[in-house]
Amino acid sequence: MGSTQLERVDAEPIRKLLRSVSLNRAKDLDALFDEIDPACELDRGAERNLFQAVLGKPNIIRIGLQCTVRLEAHAHAAGVLFTAFGTPGFQTMDRDERNKLLSPADKILTWAVGLDLQRWLGQMGHDLNPEDVLPGGLSEMPTEIIGALTDNQRLFGRSFFLYASAFILLHELGHLKHGHTQSTHENEKVADRFAAEWMSDAASESGNEEFDRLAAIYGIAVALLWLTVFNFYFGKRESKTHPEGYDRLFQVLDQILDVPESDEYKMVWYFVAQMLFIHMWSAGFDFDPEQDAIHMQGDPRDEVNYYIDRISKWDKKREGQSS
Ligand SMILES: [Zn+2]
């Protein structure tokens with residue numbers, strides 16, 4: 001099970017973090033914390049994705065520090081990619097120029113995904129190394145890479161990490177609020193909806209509601225893309241407790257992005273489509289320049305749907321090879 005080093009800490013930093021992104025709901029937030037009165041437990045030893053709500057006296061939100069670092073790395077990689085997508089001429093750039101913009105993200109993703117892979121491969125009893133699945137393997141530490149980012153890339157990375165964390169914490173608070181005693185597909189969806197609904201009218205110190213809402217939706221997308229990483233490499237997880245990562249990603253965004261004509265609809269679905277493509281590419285999915293190109297234009301939500309359909313039909317050929 002790995003070493004367990006639970007450390008009970010004050011939940012006030014969680015309340016502070018959530019308050020900073022939902023200034024307009026300060027009263028609701030206080031009421032929620034008064035009602036649930038959660039304690040926080042940090043687990044430094046656990047390697048798995050550990051965010052957990054435990055109903056009891058007191059109610060507990062358990063957070064794994066190692067997976068939080070992986071989420072932070074994913075958020076910074078998303079920050080790099082986000083700034084690259086927004087670079088004028090990105091769409092028509094030649095491959096070398098594009099790669100130059102994308103390469104810092106590649107390093108961070110390789111590191112973060114490499115750790116995720118190593119853990120899963122161990123769990124599933126494979127003797128494959130992460131570098132057999134992901135070229136590059138485990139090399140550099142993210143601190144060095146993150147230190148080399150531009151201010152803009154880091155700014156977006158931090159924003160994504162903040163809102164991704166807020167979404168995950170609200171998801172756990174949602175479990176406690178609804179009195180969930182176990183994880184089921186239905187309970188996970190309820191907690192996702194609770195968190196997404198809360199975040200959809202985010203308000204920070206920026207004073208710009210439109211901007212804050214958009215930042216929050218990107219953060220949610222980053223959190224759920226992170227939870228989808230398993231699917232890129234191993235296909236369906238078929239967990240009894242949790243819906244597939246890509247299903248959560250699609251359903252939550254579809255709940256929030258409810259106006260197809262809006263800029264945010266186009267921007268976020270476009271971002272998610274690009275992120276899915278990059279992850280699938282890294283994971284070894286083949287893309288046919290003609291066949292796949294048909295799905296890569298038009299409504300970006302359809303494009304996301306197409307990628308998710310392909311991920312869900314992943315044939316687990318790697319598992320077959322390794323036996
Ligand atoms: Zn949950």
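For ligands, and for the atoms within them, numbers begin at 1 and follow the listed sequence. Everything numeric here is computed off the predicted structure, so don't read it as measured data.
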ring-ring contact (aromatic ring centres under 6.0 Å, His included) with Y218: which of W269, F271, F167? F271

Run the side-chain contact (heavy atoms from CB on, under 4.5 Å) check on L101 and M93 step by step: do they pass? CA-CA 10 Å; L101 285 173; M93 235 171 239; 3.7 Å; yes

Output the rest of the hydrophobic cluster of I60: all Ile, Leu, Val, Met, Phe, Trp and Tyr residues reachable through side-chain heavy-atom contacts under 4.5 Å, sorted by chain and number. V54

d(Y163 OH, I168 CD1) to nearest 0.5 Å is 15.5 Å

Could you tell me whether any N, O or S atom belonging to H171 is less than 2.8 Å from the Zn ion (ligand 1)? yes

The N/O/S atom of E188 lying closest to the Zn ion (ligand 1) is OE1

Is H175 close enough that one of its N/O/S atoms sits under 2.8 Å from the Zn ion (ligand 1)? yes

